[in-house]
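Working notes, structure below.
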Amino acid sequence: MLIKAPRTWELPERLATPESVYLNRRELAKGIAAGSIIAGAAASMPFGSAQADDEVIEQVNAQAAGDPTLDLYPAPVNAAYADAGRPVTDEVENSTYNNFYEFGSHKQIWQRAEDLQRRPWAVTFDGMVEEEMTVDIDTLIRAMALEERVYRHRCVEAWSMVIPWTGFPLKALVDYARPLGSAKYVVFQTFDDPDMAPGQSQSWYPWPYTEGVTMAEAENDLGFIVTGTYGKPMANQFGAPLRLHLPWKYGFKSIKSIVRVTLTDEKPMTFWEELVPSEYGFWANVNPEVSHPRWSQATERVLGTNDRIPTELYNGYAEQVAGLYEGMEDERLYL
Ligand code: MTE
């Protein structure tokens with residue numbers, strides 16, 4: 001059931017953030033509504049200082065301010081996912097530590113990702129669908145009932161965050177595509193534009209970034225298509241204007257900046273599996289007992305606090321998803 005409730009991340013944020021930054025965010029939120037925010041200069045100070053943090057928040061708010069769907073935010077909180085059991089990660093931390101190889105193979109791509117042209121944007125639905133179509137992103141987003149969900153996010157690199165996402169169930173996207181009964185997989189692709197995203201000039205990567213799930217996974221209630229973070233349209237570095245989040249799987253499954261959704265009966269080859277099949281597979285379900293070939297997955301570093309905590313099977317979402325994998329013991333479910 002959808003309810004209007006105070007967002008659970010507001011309290012931890014207030015406690016965890018210097019007051020100047022917190023107050024500034026409130027002002028910025030008002031500024032967004034008034035359309036008066038402009039992007040700040042590149043942060044030259046280390047994050048954690050009030051000035052550098054403000055510059056990051058100005059950047060993400062400026063992008064939100066320019067988004068044609070701003071009026072849809074904040075969306076009602078889905079009560080079933082209002083609390084991820086851990087404090088929400090500070091927005092500055094989250095906005096400046098990202099994997100988005102199209103803009104570089106390091107974590108600090110938040111400024112480079114400013115080059116991502118988030119409009120015009122269209123999403124093509126093809127393959128085993130009743131009718132192939134290409135839909136303008138704003139038409140697509142406005143066809144959905146947006147809601148907010150707070151999810152844990154666990155990267156295969158053994159760090160984790162907690163994020164208040166806004167978006168809609170993955171199942172709603174699949175329904176929108178009107179798949180044929182014969183479709184078994186949903187495949188997603190990111191844009192392919194080396195002029196915009198210099199990482200795509202690196203020819204050893206199998207661009208465009210591709211990911212996929214089974215129909216059963218796509219229909220599980222946890223699967224989420226993300227349009228926003230922290231109560232507003234998401235900044236480019238998160239994978240604007242449309243990304244996936246599958247909280248029970250390693251983060252690389254959660255493809256960013258989607259332009260194509262293909263329904264098929266063939267298991268897809270995915271970006272990381274094609275690159276290093278011995279280290280990354282199709283399923284990539286979180287499991288503390290199955291190590292990555294080069295490191296343990298038993299614990300994870302919580303970004304923001306640097307606490308090291310035990311990792312949970314399916315990232316703590318076993319109750320909702322373990323049933324999807326019954327009888328599949330022969331598959332490499334955790335790689
Ligand atoms: N999607 C695209 N298109 N390109 C990428 O490089 N990186 C993946 C995933 N989706 C990636 C992507 C990886 S490895 C992770 S851990 C998450 O995005 C990171 O999401 P975040 O930056 O929002 O934490």
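As the structure lists them, so they are numbered: ligands from 1, and atoms in each ligand from 1. Counting begins at 1 with the first residue of the sequence.
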TODO: Report the part of E102 in contact with ligand 1, treating N, CA, C, O as backbone and CB onward as side chain, heavy atoms under 4.0 Å; options are side chain, backbone, both, neither.
DONE: side chain
- [ ] Ignoring angles and geometry beyond distance, decide whether N98 reaches within less than 3.5 Å of ligand 1 through its nitrogen or oxygen atoms.
- [x] yes
Open item on the list: How far is atom 7 (N) of ligand 1 from the closest protein heavy atom, and which atom is that?
Closed with: N99 O, 3.4 Å
Task: Ring centroid separation F100 to F103 under 6.0 Å - done: yes
Task: T190: numbered ligand 1 atoms lying under 4.0 Å from its heavy atoms - done: 3 (N)
Open item on the list: Quick check on E266: does its CD atom have over 12 non-hydrogen neighbours (other residues, nucleotides or ligands) under 6.0 Å away?
Closed with: no
Task: Output field: ring centroids F191/Y209 closer than 6.0 Å - done: no
Open item on the list: When you compare the side chains of T166 and T227, does any donor N or O come within less than 3.5 Å of an acceptor on the partner?
Closed with: no
Open item on the list: Check for me whether the distance between the ring centres of Y81 and W165 falls short of 6.0 Å.
Closed with: no
Task: Proximal ligand 1 atoms for C155, defined as those under 4.0 Å from one of its heavy atoms - done: 16 (S)
Task: Residue, atom name and distance, where the atom is the protein heavy atom closest to atom 23 (O) of ligand 1 - done: R243 NH1, 2.7 Å
Task: Taking atom 21 (P) of ligand 1 as the reference point, the nearest protein heavy atom with its distance - done: K256 NZ, 3.5 Å
Open item on the list: We want to know whether N98 and W110 form a side-chain donor-acceptor pair, criterion being a heavy-atom distance below 3.5 angstrom.
Closed with: no
Task: Side chain, backbone, both or neither: the part of Y280 lying under 4.0 Å from ligand 1 by heavy atom - done: neither
Task: Check: N94/Y230 side-chain N/O donor and acceptor closer than 3.5 Å - done: yes
Task: Any E157 heavy atom less than 4.0 Å from ligand 1 - done: no
Open item on the list: With a cutoff of 4.0 Å, is S254 in contact with ligand 1, counting heavy atoms of the residue only?
Closed with: yes
- [ ] Could I get the full list of ring-ring contact (aromatic ring centres under 6.0 Å, His included) partners for F168, not counting sequence neighbours?
- [x] none
Open item on the list: Below 4.0 Å, non-hydrogen atoms only: which portion of H153 touches ligand 1? Side chain, backbone, both or neither.
Closed with: side chain
Open item on the list: Could you tell me if S160 and R154 have a donor-acceptor pair between their side chains, going purely by distance under 3.5 Å?
Closed with: no
TODO: Compute the shortest N/O to N/O distance between Y101 and ligand 1 and return yes if it is under 3.5 Å, no if not.
DONE: yes
Task: Pair Y280 and W272, ring centroids less than 6.0 Å apart - done: yes
Open item on the list: Any nitrogen or oxygen of W159 lying under 3.5 Å from a nitrogen or oxygen in ligand 1? Just yes or no.
Closed with: no
TODO: For Q202 and E102, test the side chains for any donor-to-acceptor distance below 3.5 angstrom and give the result as yes or no.
DONE: no
TODO: Select one of side chain, backbone, both or neither to describe which atoms of Y209 lie under 4.0 Å from any atom of ligand 1, heavy atoms only.
DONE: side chain
Open item on the list: As an exercise, identify every atom of ligand 1 less than 4.0 angstrom from a heavy atom of I255.
Closed with: 1 (N), 10 (N)
Open item on the list: Starting from atom 17 (C) of ligand 1, what is the nearest protein heavy atom, named by residue and atom, and what distance separates them?
Closed with: G251 O, 3.5 Å
Open item on the list: Quick check: W272 and ligand 1, any N/O pair under 3.5 Å apart?
Closed with: no
